[in-house]
Amino acid sequence: MDSFSTGSSGTGSPQISTDEFMDQMKAQLAQAYAQEFLETVRGKCFEKCISKPGSSLSGSESSCISRCVDRYIEATGIVGRALFTSR
């Protein structure tokens, strides 16, 4: 039985309320979204900014990565606000 099961299986595990279940689901979805976001940003920004991978970043590569990540975060915020204000 997984951590979201609400029924008793005779193992003595306590039942969780619907609110607790929803909180667990929201936390897992948020974690999955954050992981996907980081993987996307890492891939896109690496592809855009790193021309010759090496043991360290040049100043221009570091600056490019920083700007790229900032743009992704800003864009995600704009999209999120637009989605939530349109409801």
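The first residue in the sequence is number 1, and the count goes up from there. Note that the structure is a prediction, hence the values are computed from the model and not measured.
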**Partner residues of L29 under the side-chain contact (heavy atoms from CB on, under 4.5 Å) criterion, sequence neighbours left out** = none
**Message:** Are V41 and I50 linked, directly or through intermediate hydrophobic residues, by side-chain heavy-atom contacts shorter than 4.5 Å (ILVMFWY only)?
**Reply:** yes
**Item:** side-chain hydrogen bond (donor to acceptor under 3.5 Å, both in side chains) partners of residues 38-51, not counting sequence neighbours, each pair once
**Value:** Q35-E39
**Prompt:** Who passes side chain to side chain donor-acceptor pair (under 3.5 Å) against S60, sequence neighbours left out?
**Reply:** S58
**Request:** Drop me the distance from I16's CD1 to D23's CG, to the nearest 0.5 angstrom.
**Result:** 9.5 Å
**Message:** Please enumerate all residues that pass side-chain contact (heavy atoms from CB on, under 4.5 Å) together with C49, with sequence neighbours excluded.
**Reply:** C64, I65, C68
**Asked** From E61 CD over to C45 SG, what is the distance, rounded to the nearest 0.5 angstrom?
**Response** 13.0 Å
**Donor-acceptor under 3.5 Å (S66 side chain, S62 main chain)** = no
Please set out all donor-acceptor pairs under 3.5 angstrom arising from side-chain atoms of residues 70-77, sequence neighbours excluded.
unit_1	atom_1	unit_2	atom_2	d
T76	OG1	Y72	O	2.8

**Request:** List in chain and number order the residues that pass side chain to side chain donor-acceptor pair (under 3.5 Å) with S63, two or more places apart in sequence or in another chain; answer none if no residue qualifies.
**Result:** R67
